[in-house]
Trainee: 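The structure under discussion is supplied below as C-alpha cells; questions concerning it will follow.
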Amino acid sequence: RFAYESYSKYLQSKTKLNPRTLTVEILDIDYFKEYNDNYGHSVGDKCLETVSGEIQQLFSNVENVFACRYGGDEFVIIYDGFSVEEVESYIIKLKERIAGCNIEHRYSKISDVVTITQGAYFGTFNQEYTVKDFLEKADAAMYEVKKTGRNSYNLVNSWSLDK
C-alpha cells in the first residue's frame, strides 16, 4: 500500500504539468477466502505470488504502468496515458493469464481454477481529480461485476458517461 500511496503522490504532481488519460484498475482473486480456508495460508501465499508474478511479467516491458498489491488479495494497476482500447486489451490478457495458470480452486463457485474479477475507471486525469477518486470508481466498477458474477471485468469509460 505504501508503494501505491507514494506513486499516487508522484502522479498527482505530474498532473499539474500535463493532464492526460488515466485508468486505475483494481482486481481481486475470486473466492480467495475459500481458497485460504481450504488450502491453507501458505498455499494462499503461493497463489498471491503467482498472480503477482503474472502481473509483473505482463507489464515488465510496458512503460507508464504501475502495479502493486493493495491489500489482502487485491491488486491495483495504474495505466498512465493509455487509450481505453489499450487498457481493455491488457485487462483481458491479464484475466486470461491468471486463468491460464491453472491453479486448482475446487472451492470456487465459478471455476475449477483461480480467476480474478477486475474493475477499472478510465478518464482524463487533471487537477480536479485524485488517484483516489479513480480508485473509488474502479472499486465500484468491480463490485458491479460481483453483483452478477465473477471472473469478469467492468471498464468504465468516463468519456462515454459524459455523452
Side-chain angles (χ1 to χ4, degrees), residues 1-30 32 47-101 103 110-111 113-163:
R1 175 84 60 103
F2 176 77
Y4 163 78
E5 296 294 338
S6 178
Y7 186 76
S8 294
K9 287 177 185 172
Y10 163 75
L11 203 53
Q12 204 70 42
S13 68
K14 272 179 59 174
T15 306
K16 291 177 183 173
L17 303 172
N18 183 20
R20 63 196 161 284
T21 63
L22 186 79
T23 304
V24 175
E25 173 185 352
I26 188 164
L27 64 97
D28 71 14
I29 300 169
D30 295 325
F32 190 68
C47 178
L48 290 170
E49 288 172 12
T50 300
V51 170
S52 176
E54 290 299 318
I55 293 169
Q56 230 174 359
Q57 285 178 20
L58 180 60
F59 296 110
S60 64
N61 294 316
V62 182
E63 291 186 25
N64 298 322
V65 173
F66 170 84
C68 69
R69 183 173 170 205
Y70 189 69
D73 65 315
E74 293 180 324
F75 295 84
V76 169
I77 303 170
I78 301 173
Y79 305 83
D80 181 9
F82 288 73
S83 71
V84 71
E85 294 82 11
E86 290 170 318
V87 170
E88 187 167 30
S89 174
Y90 281 116
I91 288 171
I92 292 167
K93 284 178 191 173
L94 182 58
K95 180 183 168 330
E96 291 170 350
R97 286 180 76 121
I98 300 303
C101 289
I103 304 168
I110 51 145
S111 178
V113 297
V114 167
T115 57
I116 58 174
T117 296
Q118 301 153 276
Y121 185 78
F122 170 89
T124 302
F125 189 57
N126 56 39
Q127 291 179 340
E128 295 177 41
Y129 302 102
T130 65
V131 175
K132 183 179 178 188
D133 294 332
F134 276 66
L135 180 63
E136 288 172 356
K137 291 178 185 305
D139 196 45
M142 181 177 68
Y143 279 96
E144 281 300 311
V145 175
K146 288 186 173 195
K147 287 180 185 176
T148 57
R150 299 191 189 195
N151 189 24
S152 191
Y153 70 92
N154 182 12
L155 172 56
V156 176
N157 180 348
S158 72
W159 293 358
S160 62
L161 296 175
D162 293 337
K163 294 177 183 175

Trainee: Establish, yes or no, whether a centroid distance under 6.0 Å links the rings of Phe59 and Tyr79.
Mentor: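 Ring-ring flag for Phe59/Tyr79: true, centres closer than 6.0 Å.
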Trainee: Quick one: does any side-chain atom of Ser6 pair with a main-chain N or O of Ala3 as donor and acceptor, under 3.5 Å?
Mentor: no
Trainee: Any chance you could measure Tyr129, atom OH, to Lys137, atom NZ, to the nearest 0.5 Å?
Mentor: 7.5 Å
Trainee: Looking at every non-hydrogen atom in both residues, tell me the closest pair between Ile26 and Met142 and how far apart they are.
Mentor: O-SD, 3.8 Å
Trainee: With sequence neighbours excluded, tell me which residues meet salt bridge (Lys or Arg N to Asp or Glu O under 4.0 Å) with Arg20.
Mentor: Asp80
Trainee: For the residue pair Ser158 and Gly123, what are the closest heavy atoms and their distance?
Mentor: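 Scanning both residues, the minimum pair turns out to be OG-CA, 3.1 Å.
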Trainee: For Glu144, what residues pass the salt bridge (Lys or Arg N to Asp or Glu O under 4.0 Å) criterion, not counting sequence neighbours?
Mentor: Lys147
Trainee: Is any side-chain heavy atom of Leu11 closer than 4.5 Å to one of Leu22?
Mentor: yes
Trainee: Look at the side chain of Arg69 and the backbone N and O of Phe75, then say whether any donor-acceptor pair between them is shorter than 3.5 Å.
Mentor: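 Between the backbone of Phe75 and the side chain of Arg69 there is no qualifying donor-acceptor contact (under 3.5 Å).
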Trainee: Run the side-chain contact (heavy atoms from CB on, under 4.5 Å) test on Tyr90 and Ile77 for me, step by step, so that the C-alpha distance in whole Å, both residues' side-chain angles and the decisive distance to 0.1 Å come before the verdict.
Mentor: CA-CA 10 Å; Tyr90 281 116; Ile77 303 170; over 6 Å; no
Trainee: Take Tyr153 and Val145, measure what side-chain contact (heavy atoms from CB on, under 4.5 Å) needs, and give me the verdict at the end.
Mentor: CA-CA 6 Å; Tyr153 70 92; Val145 175; 5.6 Å; no
Trainee: Can you check side-chain contact (heavy atoms from CB on, under 4.5 Å) on Val156 and Tyr121, steps first, answer last?
Mentor: CA-CA 5 Å; Val156 176; Tyr121 185 78; 3.8 Å; yes
Trainee: Pick out which of Ile91, Leu94, Asp28 makes a side chain to side chain contact (heavy atoms under 4.5 Å, CB included) with Ile116.
Mentor: Leu94
Trainee: From Glu54 CD over to Lys95 NZ, what is the distance, rounded to the nearest 0.5 angstrom?
Mentor: 14.0 Å
Trainee: To the closest 0.5 Å, what do you measure between CD (Glu128) and CG (Asp133)?
Mentor: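 So the gap between those two atoms works out to 10.0 Å.
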Trainee: Which distance, rounded to the nearest 0.5 Å, do you find between the CD1 of Ile110 and the OG1 of Thr117?
Mentor: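 Reported to 0.5 Å precision, the distance equals 6.0 Å.
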Trainee: Is the shortest heavy-atom distance from the side chain of Gln12 to the side chain of Lys9 under 4.5 Å?
Mentor: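 Not in contact.
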Trainee: Using the ring of Tyr143 (Phe, Tyr or Trp, six-membered ring only), decide whether Lys146 places NZ or CZ under 6.0 Å from its centre and within 45 degrees of its axis.
Mentor: yes
Trainee: Going by heavy atoms in the side chains, are Tyr7 and Cys68 under 4.5 Å from each other?
Mentor: no
Trainee: Quick one: are Thr23 and Val84 in side-chain contact, heavy atoms under 4.5 Å?
Mentor: no
Trainee: Nearest 0.5 Å, what's the CG-CD distance between Leu58 and Glu96?
Mentor: 10.5 Å
Trainee: Please step through side-chain contact (heavy atoms from CB on, under 4.5 Å) for the pair Leu48 and Asp73, ending with a clear verdict.
Mentor: CA-CA 7 Å; Leu48 290 170; Asp73 65 315; 4.1 Å; yes
Trainee: Looking only at heavy atoms, which two atoms of Ala120 and Ala138 are closest? And how far apart?
Mentor: CA-CB, 4.0 Å
Trainee: Residues two or more places apart in sequence or in another chain: which of them pass side chain to side chain donor-acceptor pair (under 3.5 Å) with Ser52?
Mentor: none
Trainee: A side-chain contact here means heavy atoms from C-beta on lying under 4.5 Å apart; do Phe66 and Val76 qualify?
Mentor: no
Trainee: Check Ile103 against Cys47 and note the closest heavy-atom contact, atom names and distance.
Mentor: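 Looking at all heavy atoms of both residues, the shortest contact is CD1-SG, 4.4 Å.
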Trainee: Within a radius of less than 6.0 Å around CD of Gln57, do more than 12 heavy atoms belonging to other residues, nucleotides or ligands occur?
Mentor: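 Buried by this count: over 12 neighbours within 6.0 Å.
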Trainee: Once you round to the nearest 0.5 Å, how far does OG of Ser152 lie from CD1 of Ile92?
Mentor: 9.5 Å
Trainee: For the residue pair Pro19 and Asn126, what are the closest heavy atoms and their distance?
Mentor: CB-CB, 3.9 Å
Trainee: Can any side-chain N or O of Ser89 pair as donor or acceptor with the backbone N or O of Glu85 at less than 3.5 Å?
Mentor: no
Trainee: List the atom of Phe82, the atom of Asn64, and the distance in Å for their closest heavy-atom pair.
Mentor: CE1-O, 3.4 Å
Trainee: Do side-chain atoms of Asp30 reach the backbone of Asn151 as a donor and acceptor pair under 3.5 angstrom?
Mentor: yes
Trainee: Taking side chain as C-beta onward, heavy atoms only, is Ile78 less than 4.5 Å from Phe125?
Mentor: no
